Amino acid sequence: MIDVSFTHQRVTVQGHAGYAPRGEDIVCAAVSALVYALIGTLEEDGLIRELVVRPGFVTVAAKKDHKAFDVVRCGIAQIAARYPQCMSVRG
């Protein structure tokens with residue numbers, strides 16, 4: 001299961017959806033795409049305060065509020081609604 005935690009200016013994602021084997025999992029791919037888009041947007045705007053990326057774990061924090069967090073939160077909520085057995089979302 002993927003566990004996603006949102007706080008004010010941070011998102012942490014850990015785990016594996018278990019929808020399909022690693023490398024073929026559409027749920028993991030969708031969540032990863034959203035999180036990497038967030039990271040890219042924050043990097044472009046010079047707003048990365050903290051970034052940790054390792055297998056099965058990502059945390060990204062911003063120096064200040066950014067609308068991109070709302071977009072990612074919305075996208076992840078939609079994925080979680082479609083695949084609730086694969087994801088847990090807080091915040």
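Quantities reported herein were computed from a predicted structural model and do not represent experimental measurements. All residue numbers refer to positions in the sequence shown, counting from 1.
The list of ring pair (Phe, Tyr, Trp, His ring centres under 6.0 Å) pairs with a residue in residues 30-57, not counting sequence neighbours, is empty. Evaluation of the salt bridge (charged side-chain N to carboxylate O under 4.0 Å, His left out) test over residues 30-39, restricted to residues two or more places apart or in two chains, returns none.
The closest side-chain heavy-atom distance from Met87 to Val27 is below 4.5 Å. Using a 4.5 Å cut-off on side-chain heavy atoms (C-beta onward), Ile48 and Glu50 make no contact. Using a 4.5 Å heavy-atom cutoff, the side chains of Val31 and Val13 are in contact. Side-chain contact between Leu51 and Thr59: absent, with no pair of heavy atoms (C-beta onward) separated by less than 4.5 Å.
Note that the SG atom of Cys28 and the NE2 atom of His16 stand 4.5 Å from one another [nearest 0.5 Å]. Distance check, rounded to the nearest 0.5 Å: OG of Ser88 to CD1 of Ile2 gives 10.5 Å.
Although no hydrogens or angles enter the test, the distance criterion places a donor-acceptor pair under 3.5 Å between the side chain of Asp25 and the main chain of Tyr19. A donor-acceptor pair is defined here as one N or O able to donate and one able to accept, closer than 3.5 Å; such a pair exists between the side chain of Arg49 and the backbone of Ala62.
The side-chain hydrogen bond (donor to acceptor under 3.5 Å, both in side chains) check on Arg54 picks up nothing, with sequence neighbours excluded. Take Ser5 and apply the side-chain hydrogen bond (donor to acceptor under 3.5 Å, both in side chains) test, not counting sequence neighbours, and it matches no residue.
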Which donor-acceptor pairs under 3.5 Å do the side chains of residues 38-45 make with protein atoms, sequence neighbours left out?
| unit_1 | atom_1 | unit_2 | atom_2 | d |
| --- | --- | --- | --- | --- |
| Thr41 | OG1 | Ala37 | O | 2.9 |
| Asp45 | OD2 | His66 | NE2 | 2.7 |

Using atom types as modelled, flag every donor-acceptor pair under 3.5 Å from a side chain in residues 73-84 to any protein atom, sequence neighbours excluded.
| unit_1 | atom_1 | unit_2 | atom_2 | d |
| --- | --- | --- | --- | --- |
| Arg73 | NH1 | Asp70 | OD1 | 3.4 |

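Clustering ILVMFWY residues whenever any of their side-chain heavy atoms sit less than 4.5 angstrom apart, transitively, puts Val53 in the very cluster that holds Val72.
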